[in-house]
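Data block below; observations after.
Read the numbers this way: they start at 1 and go in the same order the structure lists the ligands and their atoms.
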Amino acid sequence: MPVSSATDPALPGHVAIIMDGNGRWAQARGLERSEGHREGLEATRRAVRFYAEHGIQSLTVFAFSSENWGRPRSEVEALFELFVTAIEGELPELVERGIRLRFIGDRATFPPTLQTRMCEAEEATAGNEGMCLVVALGYGGRWDILQAARKWVAKGGAEADGDAESTFAAELSTTGLADVDLLIRTGGEQRISNFLLWQAAYAEILFIETYWPDVGEKDFERSLAWYAQRQRRFGRVSAGAYSATEVPGA
Ligand code: IPE
Ligand code: IPE
Ligand code: MG
């Protein structure tokens with residue numbers, strides 16, 4: 001039975017995935033890279049089902065980075081077409097599962113059809129109360145921090161009283177979501193590639209060798225088991241590391 005992460009501290013509240021390895025998956029099979037992206041969508045569907053069924057509150061998936069604009073036009077166009085088809089195809093299941101869909105990233109230069117589908121899907125799922133599925137499209141951590149900084153400064157954040165970290169974080173595209181607890185990157189690379197730079201400050205990071213299209217339920221199960229074993233310290237020391245007379249922070 002799925003358990004709610006609100007009641008189980010061993011479960012991450014917010015899982016984020018750098019879904020990497022689609023192109024290499026395709027190339028290894030003599031296929032076009034776009035075939036890898038198509039197959040990658042199946043893995044994304046498996047991830048959404050798995051984490052939603054396991055009571056995860058938010059799942060953020062990296063689908064297209066600010067830097068991915070630098071890929072050949074044919075690949076970028078194929079990706080945009082896939083995003084449109086994916087939104088149209090997946091929307092009924094998201095609605096049925098009560099999943100709220102949200103996009104983060106700079107969408108201003110996306111094709112109008114894609115922008116329209118994104119808005120429609122966000123509106124159609126806005127009232128849902130299940131897992132929040134955040135799709136990072138045209139997203140970069142530096143873009144996010146910069147756009148937040150502009151808004152924060154314009155609102156007088158630098159001069160205002162109160163907790164600057166909180167008021168700043170409220171301007172990030174992820175406003176309202178908890179920080180990332182578990183960050184997974186598939187495909188063998190061990191880097192962040194400009195993903196959630198601020199939000200993943202204390203994330204537990206799991207690197208998986210498997211290319212994204214081959215990732216499935218067993219890997220997701222392992223990710224939760226691995227997370228449950230982590231001892232999160234947030235810069236402090238573990239309980240029990242001090243004697244009773246030596247209280248940390250006192
Ligand atoms: C990740 O897979 C998906 C996107 C960036 C859109 P890649 O396309 O980066 O696949 P590899 O890393 O080249 O194998
Ligand atoms: C990160 O993968 C972006 C996405 C998964 C959307 P990349 O393939 O773009 O990252 P690099 O180039 O290997 O760092
Ligand atoms: Mg890649």
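- Heavy-atom distances between R71 and ligand 2 reach below 4.0 Å in at least one pair.
- No donor-acceptor pair under 3.5 Å is formed between the side chain of R100 and the backbone N or O of E129.
- When only non-hydrogen protein atoms are considered, atom 9 (O) of ligand 2 lies nearest to N68 ND2, 2.9 Å.
- Summarising the geometry, atom OH belonging to Y51 is positioned 10.5 Å from atom CG belonging to L11; distances are rounded to the nearest 0.5 Å.
- The side-chain tip of R150 does not point at the ring of W152 from less than 6.0 angstrom away and within 45° of straight on.
- The protein atom (non-hydrogen) at minimum distance from atom 13 (O) of ligand 2 is R191 NH2, 2.7 Å.
- In terms of protein heavy-atom proximity, atom 10 (O) of ligand 1 is nearest to G23 N, 2.9 Å.
- A salt bridge (charged side-chain N to carboxylate O under 4.0 Å, His left out) with R49 is found for one member of E96, E217, E42, E93 and no other, namely E93.
- Of the heavy atoms in R185, only side-chain atoms (C-beta onward) come closer than 4.0 Å to ligand 2.
- Looking from atom 14 (O) of ligand 2 to the surrounding protein, the closest heavy atom is S193 OG, 2.6 Å.
- No other N/O/S atom of D20 lies as close to the Mg ion (ligand 3) as OD1 does.
- Only the backbone of M19 comes within 4.0 Å of ligand 2, judged by heavy-atom distances.
- Every N/O-N/O distance between E189 and ligand 2 stays at or above 3.5 Å.
- At a 4.0 Å heavy-atom cut-off, ligand 2 does not touch F195 at all.
- When heavy-atom distances to ligand 2 are checked against a 4.0 Å cut-off, A63 comes that close only through its backbone atoms N, CA, C and O.
- The nearest heavy-atom contact from the protein to atom 11 (P) of ligand 1 is R24 NE, 3.5 Å.
- For the ring-ring contact (aromatic ring centres under 6.0 Å, His included) test with F110, the passing option among F83, F80, F103 is F80; the others fail.
- Assignment of G187 to the shell around ligand 1 is not supported, since no heavy atom sits closer than 4.0 Å.
- Any N or O atom pair closer than 3.5 Å counts here, and R33 shares at least one such pair with ligand 1.
- Residue I18 approaches ligand 2 through these ligand atoms, each under 4.0 Å from one of its heavy atoms: 1 (C), 5 (C).
- Ion pairing between a basic and an acidic side chain is recognised when a charged N comes within 4.0 Å of a carboxylate O; E204 and R232 show such pairing.
- Counted by atom type alone, W212 and T44 present one or more donor-acceptor pairs between their side chains at under 3.5 Å.
- A cation-pi contact, defined as under 6.0 Å to the ring centre and within 45° of the axis, is absent between R71 and W69.
- Heavy-atom contacts of F64 reach the following atoms of ligand 2: 6 (C) (cutoff under 4.0 Å).
- The pair D106-R142 does not count as a salt bridge, with every side-chain nitrogen at least 4.0 angstrom from each carboxylate oxygen.
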